[in-house]
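Counting convention: from 1, in listed order, for ligands and their atoms alike. Any value given below was found using the heavy atoms of this structure, including those in side chains, with hydrogens, waters and symmetry copies removed.
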Amino acid sequence: MDREMILRVNVTPLNDKEIIDSINQRIQAGLKSTIIAINPEKIVRANKNEALLELLNSATYQIPDGIGVIIASKLRRGAIQSRVTGIDLMEQLLELAHAERYRIYLFGARDTVVAKAAEEISKKYTNLEIAGFMHGYEQDTDKIVSDINHCRPDLLFVALGSPRQEFWIKENLDKLNAKVVQGVGGSFDVLSGNVKRAPRVFRKTGLEWFYRLMKEPSRIRRQLVLPAFLLKALLNRKEDLV
Ligand code: UDP
């Protein structure tokens, strides 16, 4: 798998179509894949937490979800061209599931949210099968894993927020029978219609962060990591090349 390292964190320098093709090839070859989203906040956090760093780097695909990751790569003349968000990739995997009649399982979010997300997905992607779903506040991990395996999904989406979902995936991956496991954060809230995404114009121009900041001014604390992150990424370019 191609990789580009940014401050010790691997990022997959493929666009969404290339990632979907690659995942489908791995499904056909019987290989398990894990997908996690990378943004500057996660990179900064992973640099202070070796366990998180190791688990991010051990995923099959680290998608460039935050615009800051693309800016850092461009400043360093790297290969990452376009943003691949968790929810967009999930929707493309749902399309793949629709085309290939794959079975999916949704794990995470509040019970009414995950149920509504399952309902909306089955209305839109009529060919895929919802193998099962479970809310994200169940504490009994054995129960969750055995329900997932009993339902035999091809694709498993885990929406517990970050980094909880990444740790959950890593801890349980060997026990899970699903072929693809993606950590999708708050995506079920969006798919259920509970939370609206930024209008297309903001998404297309890389200004989704600005829209979200307008809606939730307290996000400024999360977004303030960006300038320091970019500077550090530029200064540490050589270390990432080895
Ligand atoms: N969540 C969950 N179990 C928990 C904590 C959170 O299922 O113990 C869900 C929560 O209901 C929400 C999602 O995880 O649907 C978190 O979304 P958020 O947007 O905070 O995640 P991010 O994408 O920012 O990591």
Side-chain angles (χ1 to χ4, degrees), residues 9 11 16 34-46 48-49 51-53 55-56 59 61-69 83-94 104-121 130 132-145 147-148 153 156-172 176 178 181-198 202-203 208-226 229:
V9 174
V11 186
D16 45 4
T34 51
I35 308 158
I36 51 147
I38 301 292
N39 56 38
E41 207 191 338
K42 262 189 216 173
I43 294 180
V44 169
R45 202 186 290 164
K48 295 178 191 148
N49 179 341
L52 180 61
L53 178 73
L55 100 83
L56 296 182
Y61 302 90
Q62 293 89 356
I63 59 172
D65 178 298
I67 188 72
V69 174
R83 197 173 164 216
V84 180
T85 66
I87 183 148
D88 285 332
L89 196 72
M90 177 176 174
E91 296 208 60
Q92 293 187 43
L93 282 172
L94 293 174
I104 71 155
Y105 191 104
L106 307 176
F107 167 47
R110 306 228 158 253
D111 52 0
T112 49
V113 171
V114 67
K116 186 82 170 74
E119 189 188 323
E120 293 300 322
I121 288 169
I130 310 262
F133 58 84
M134 177 152 342
H135 67 82
Y137 296 85
E138 172 59 58
Q139 300 299 322
D140 185 346
T141 307
D142 290 344
K143 181 178 159 192
I144 303 164
V145 170
D147 190 60
I148 294 171
L156 167 65
F157 299 99
V158 183
L160 304 175
S162 226
R164 184 183 276 114
Q165 66 201 15
E166 283 83 11
F167 280 107
W168 192 91
I169 292 171
K170 171 93 173 172
E171 264 158 40
N172 297 291
L176 292 165
V181 186
Q182 183 186 4
V184 293
S187 298
F188 297 174
D189 295 276
V190 176
L191 291 167
S192 66
N194 255 24
V195 171
K196 291 252 170 305
R197 275 193 86 182
F202 287 94
R203 286 189 262 144
E208 190 163 8
W209 62 270
F210 180 68
Y211 176 84
R212 294 179 81 178
L213 181 61
M214 295 286 113
K215 291 280 232 190
E216 267 177 83
S218 60
R219 289 183 74 90
I220 190 74
R221 286 187 53 197
R222 289 172 67 160
Q223 295 181 348
L224 278 175
V225 304
L226 190 60
F229 160 78

> Does E120 pair with K116 as a salt bridge, N-O distance under 4.0 Å?
Replying inline: yes
> Does an N or O from G108, backbone or side chain, lie closer than 3.5 Å to an N or O of ligand 1?
Replying inline: no
> For atom 24 (O) of ligand 1, what's the nearest protein heavy atom and its distance?
Replying inline: R222 NH2, 3.9 Å
> Going from CZ on R219 to CD on E41, what distance comes out if it is rounded to the nearest 0.5 angstrom?
Replying inline: 8.0 Å
>> Under 4.0 Å and counting heavy atoms only, is there anything from the protein next to atom 20 (O) of ligand 1?
In response: no
> How long is the span from the CG atom in L94 to the CZ atom in F157, to the nearest 0.5 Å?
Replying inline: 4.5 Å
> How many angstroms lie between CD1 in I121 and CZ in F133, if you round to the nearest 0.5 Å?
Replying inline: 10.5 Å
>> So for Q165, does at least one of its heavy atoms come nearer than 4.0 angstrom to any atom of ligand 1?
In response: no
> Quick one: OG1 on T34 to CD on Q62, what's the gap to the nearest 0.5 Å?
Replying inline: 7.5 Å
> Under 3.5 Å, side chain of D65 to main-chain N/O of G86, donor-acceptor pair present?
Replying inline: yes
> Side chain, backbone, both or neither: which part of L160 has a heavy atom under 4.0 Å from ligand 1?
Replying inline: both
> For ligand 1, which atoms, with element, lie under 4.0 Å from some heavy atom of S162?
Replying inline: 25 (O)
> To which protein heavy atom is atom 13 (C) of ligand 1 closest, and what is the distance rounded to 0.1 Å?
Replying inline: G185 O, 3.7 Å
> For atom 7 (O) of ligand 1, what's the nearest protein heavy atom and its distance?
Replying inline: A109 N, 2.8 Å
> Got more than 12 heavy atoms from elsewhere within 6.0 Å of CZ, R203?
Replying inline: yes
>> Is it the case that the side chain of N49 and the backbone of R45 share a donor-acceptor pair, with hydrogens and angles ignored and the cut-off at 3.5 Å?
In response: no
>> Among all the protein's non-hydrogen atoms, which is closest to atom 3 (N) of ligand 1, and how far away is it?
In response: G136 O, 2.8 Å
> Which heavy atom of the protein is the closest neighbour of atom 5 (C) of ligand 1, given with residue, atom name and distance?
Replying inline: R164 NH1, 3.0 Å
> Which of the atoms of ligand 1 are close to D189, meaning less than 4.0 Å from one of its heavy atoms?
Replying inline: 12 (C), 15 (O)
>> Using the rule side chain to side chain contact (heavy atoms under 4.5 Å, CB included), only one of E138, M134, H135 pairs with D111; which is it?
In response: H135
>> Which residue and atom name correspond to the protein heavy atom nearest atom 9 (C) of ligand 1, and how close is it?
In response: A159 O, 3.5 Å
> Considering only protein heavy atoms, which is closest to atom 11 (O) of ligand 1, and at what distance to one decimal place?
Replying inline: Y137 OH, 2.8 Å
> Does F188 come within less than 4.0 Å of ligand 1, judged by its heavy atoms?
Replying inline: no
